[in-house]
Amino acid sequence: MTVLHGALVTLRPSVREDVPALAAIRATPEVWQWWQGGDDLAADVSATLDDPAVHCLTVEYEERIVGQIQWHADESTEYRHAGMDVFLDPAVHGKGVGTDTVRTLAAHLVDDHGHHRLTIDPAAGNMAAIRCYAKVGFRPVGVMRQYEREANGTWHDGLLMDLLADELVR
């Protein structure tokens, strides 16, 4: 995978040396609220790096690691599309970093991989993420009820959002 450059961010393939910084970001309360994870977040991040179905890109902003964006693809002829997910250091929230990160990967998936449709599935209560994705062109498809289990054992809803290639806000 090549290195991608947005207006604000650089997205590069994640490497083992990124794990401590990414685990620390995942451990912040603002990120943990939506991403959670096991007792060993470094192991969780490493496991994702080892998953051949997931492409992990480290997000750099002002020459430091501020998060990760991941994508996966369904390559079957009938359903071919890509999905993504992202987490960012709360220190960069509200600065356009999330929008630039999602937009940069979305453009790459459309332009370089030929995907006609992209999906993302934030928690239905994560209004900041939903606003970010909408700025890139993602639209709500529907609520997935009791979609994800929280650390306390309760369930919360997810919002399925998608974007067609010609809807990408560049």
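Everything quoted here is computed from the prediction, not taken from an experiment. The chain is numbered in sequence order, starting from 1. Every heavy atom of this structure was used, including side-chain atoms; hydrogens, water molecules and symmetry mates were not.
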Donor-acceptor check, side chain of Q146 to backbone of W155, threshold 3.5 angstrom: yes or no?
no

Closest heavy-atom contact between F138 and T119?
CE2-C, 3.9 Å

With rounding to the nearest 0.5 Å, note down the distance linking CE in M84 to CG in L118.
5.0 Å

Nearest-0.5 Å distance, CD of residue E62 to OG1 of residue T10:
11.5 Å

Do T101 and Y61 touch side chain to side chain, with heavy atoms closer than 4.5 Å?
no

Minimum heavy-atom separation for Q70 to C56, with atom names?
CG-SG, 4.1 Å

Between the NE2 atom in H55 and the CG atom in D51, the distance rounded to the nearest 0.5 Å is 9.5 Å

Any chain of hydrophobic side-chain contacts (each under 4.5 Å) joining L4 to V9?
yes

With the side chain counted from C-beta on, respond yes when L159 and D157 share a heavy-atom pair under 4.5 Å apart, and no when they do not.
no

Qualifying residue, where the test is side-chain contact (heavy atoms from CB on, under 4.5 Å) with D100 and the options are T104, V102, V97
T104

Do L41 and V19 sit in one hydrophobic cluster, given that two such residues count as connected whenever their side-chain heavy atoms are within less than 4.5 Å of each other, even indirectly?
no

Any side-chain heavy atom of D85 sitting closer than 4.5 Å to one from W34?
no

Are M144 and V141 connected, step by step, through hydrophobic side chains (Ile, Leu, Val, Met, Phe, Trp, Tyr) whose heavy atoms are closer than 4.5 Å?
yes

Is the backbone of A24 close enough, under 3.5 Å, to the side chain of T28 for a donor and an acceptor to pair up by distance?
no

Nearest non-hydrogen partners of G37 and R26, listed with the distance
CA-NH2, 3.9 Å

Joint cluster assignment, L160 & L164, ILVMFWY side-chain distance < 4.5 Å:
no

D162 and R117: which non-hydrogen atoms are nearest, and at how many Å?
OD2-NE, 3.3 Å

Verify the neighbour count for atom CG of D39: are there more than 12 heavy atoms of other residues, nucleotides or ligands below 6.0 Å?
no

Please report the interatomic distance CD1(I25) to OG1(T58), rounded to the nearest 0.5 Å.
9.0 Å

Does R80, at its CZ atom, have more than 12 non-hydrogen atoms belonging to other residues, nucleotides or ligands within less than 6.0 Å?
yes

Grouping I, L, V, M, F, W and Y whenever their side-chain heavy atoms are under 4.5 Å apart, do L88 and W35 come out in a common cluster?
no

Determine the interplanar angle of the H108 and W71 rings, folded into 0 to 90°, and report it as parallel if under 30°, tilted if 30 to 60°, perpendicular if over 60°.
perpendicular

Heavy atoms of I130 and A124 approach each other most closely as CD1-O, 3.6 Å

I need the Q68 CD to E60 CD distance, nearest 0.5 Å.
12.0 Å

Should V110 and E167 count as side-chain neighbours, where that means a heavy-atom distance under 4.5 Å?
no

Remaining members of V169's ILVMFWY cluster at a side-chain heavy-atom cut-off under 4.5 Å?
none

Rounded to the nearest 0.5 Å, how far does CG of D111 lie from CG of L168?
7.5 Å

Would you call V15 and D18 a side-chain contact if the rule is heavy atoms closer than 4.5 Å?
yes

R170, CZ: over 12 other non-hydrogen atoms inside 6.0 angstrom:
yes

Has R12 got a side-chain atom pairing as donor or acceptor with V59's backbone, closer than 3.5 angstrom?
no

Could you walk me through whether E150 and Q33 pass the side-chain contact (heavy atoms from CB on, under 4.5 Å) test, one step at a time?
CA-CA 9 Å; E150 297 186 22; Q33 175 183 2; over 6 Å; no

Short side-chain to backbone donor-acceptor contact, D121 and G158, under 3.5 Å
no

V31 and F87 have their tightest heavy-atom pair at CG1-CB, 3.8 Å

